[in-house]
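Everything below concerns the one structure shown next.
Counting starts at 1 for both ligands and their atoms, in listed order.
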Amino acid sequence: MPELTTPQSDYVEHCSGCHGMQGNSAPAEIPVLRDRVGYFMCTREGRDYLIRLPNVAYSAIGDNQQLADMMNFVVFGLGGNSAPKGAKPFTASEVARLRTRALATQSLIAIRADVVSKLGTACAVPDSINFFYDGQQQAAR
Ligand code: HEC
């Protein structure tokens with residue numbers, strides 16, 4: 001077992017149960033992060049969405065720098081090359097501000113759809129981002 005960095009072990013402890021060790025969530029109801037999550041960095045709103053997600057904003061990781069480091073691992077590590085060129089990493093103060101504006105769990109699907117619909121005008125993103133994982137559209141038919 002290679003030694004994990006703090007952001008990696010934070011991810012394993014707090015997120016991998018749902019999203020998978022490598023960001024490849026097993027159940028269909030949970031979005032795949034691997035090679036995709038960086039697309040959200042294409043818009044201000046998408047970037048904010050990543051931190052305002054209840055599981056992120058209300059994370060047990062209390063320290064904002066530590067949460068920023070973990071989300072930078074999620075976006076630029078698990079997300080592979082999906083973040084647009086020049087995307088800036090999250091900072092502790094940005095994370096602190098966004099955590100006070102956490103999204104409500106009930107409206108997440110609609111909010112995600114709205115955020116995703118605007119990504120395509122800002123960046124070239126694959127249609128599969130409309131779904132939680134590649135191939136979901138086909139699977140649903
Ligand atoms: C209990 C299961 C669960 C846990 C734990 C969890 N998530 Fe999620 N996550 C979800 C679900 C379900 C969604 C979809 C919500 C939605 O519709 O926007 C989601 C959405 C996301 C998204 C948006 C991806 C997209 O395509 O919309 C990101 C990024 C994310 N989670 C990261 C994390 C991180 C980082 C952690 C750890 C702090 C975490 N999640 C913990 C279930 C979970």
Side-chain angles (χ1 to χ4, degrees), residues 2-141:
E3 209 164 295
L4 299 180
T5 62
T6 303
Q8 287 172 330
S9 60
D10 282 343
Y11 174 83
V12 168
E13 183 180 346
H14 299 285
C15 321
S16 70
C18 286
H19 289 284
M21 292 290 278
Q22 309 280 339
N24 276 317
S25 1
E29 296 74 23
I30 298 172
V32 165
L33 304 178
R34 193 175 183 88
D35 296 328
R36 294 168 44 115
V37 68
Y39 294 132
F40 287 97
M41 302 296 268
C42 281
T43 61
R44 169 97 251 165
E45 203 189 11
R47 182 184 175 103
D48 292 357
Y49 161 78
L50 295 180
I51 306 296
R52 296 176 67 204
L53 283 162
N55 278 317
V56 177
Y58 297 130
S59 157
I61 302 168
D63 185 79
N64 293 319
Q65 184 64 58
Q66 199 178 339
L67 187 60
D69 290 344
M70 189 199 68
M71 289 307 288
N72 288 328
F73 162 70
V74 166
V75 166
F76 300 103
L78 296 179
N81 293 323
S82 56
K85 278 201 175 46
K88 297 226 166 39
F90 290 111
T91 64
S93 58
E94 178 181 17
V95 163
R97 180 173 53 79
L98 292 169
R99 287 184 101 168
T100 66
R101 299 175 47 219
L103 299 168
T105 314
Q106 319 84 270
S107 54
L108 279 183
I109 299 280
I111 289 170
R112 184 185 191 279
D114 184 56
V115 167
V116 164
S117 73
K118 293 171 191 155
L119 293 178
T121 52
C123 290
V125 297
D127 281 351
S128 61
I129 195 68
N130 285 294
F131 306 95
F132 278 5
Y133 60 96
D134 296 348
Q136 183 177 3
Q137 187 175 24
Q138 289 85 329
R141 280 182 185 154

Close side-chain approach of F40 and R112, heavy atoms under 4.5 Å: yes
Scan the side chains in residues 48-58 for donor-acceptor partners under 3.5 Å anywhere in the protein, sequence neighbours excluded, and list what turns up.
{"from": "R52", "atom 1": "NE", "to": "R101", "atom 2": "O", "distance (Å)": "2.6"}
{"from": "R52", "atom 1": "NH2", "to": "R101", "atom 2": "O", "distance (Å)": "3.3"}

Heavy-atom pair of closest approach, residues A122 and T43: CB-CG2, 3.8 Å
Any protein N/O atoms within less than 3.5 Å of an N/O atom in ligand 1? List the atom names and distances, or say none.
{"from": "ligand 1", "atom 1": "7 (N)", "to": "H19", "atom 2": "NE2", "distance (Å)": "2.9"}
{"from": "ligand 1", "atom 1": "7 (N)", "to": "N55", "atom 2": "ND2", "distance (Å)": "3.1"}
{"from": "ligand 1", "atom 1": "9 (N)", "to": "H19", "atom 2": "NE2", "distance (Å)": "2.9"}
{"from": "ligand 1", "atom 1": "18 (O)", "to": "Y49", "atom 2": "OH", "distance (Å)": "2.8"}
{"from": "ligand 1", "atom 1": "26 (O)", "to": "R112", "atom 2": "NE", "distance (Å)": "3.2"}
{"from": "ligand 1", "atom 1": "26 (O)", "to": "R112", "atom 2": "NH2", "distance (Å)": "2.7"}
{"from": "ligand 1", "atom 1": "27 (O)", "to": "Y49", "atom 2": "OH", "distance (Å)": "2.6"}
{"from": "ligand 1", "atom 1": "27 (O)", "to": "R112", "atom 2": "NE", "distance (Å)": "2.6"}
{"from": "ligand 1", "atom 1": "31 (N)", "to": "H19", "atom 2": "NE2", "distance (Å)": "2.8"}
{"from": "ligand 1", "atom 1": "40 (N)", "to": "H19", "atom 2": "NE2", "distance (Å)": "2.8"}

Partners passing side-chain contact (heavy atoms from CB on, under 4.5 Å) against S107 (at least two apart in sequence or in another chain): A104, I111
The single option from I61, L67, D69 passing side chain to side chain contact (heavy atoms under 4.5 Å, CB included) against V95: L67
Partner set under salt bridge (Lys or Arg N to Asp or Glu O under 4.0 Å) for E45, not counting sequence neighbours: K118
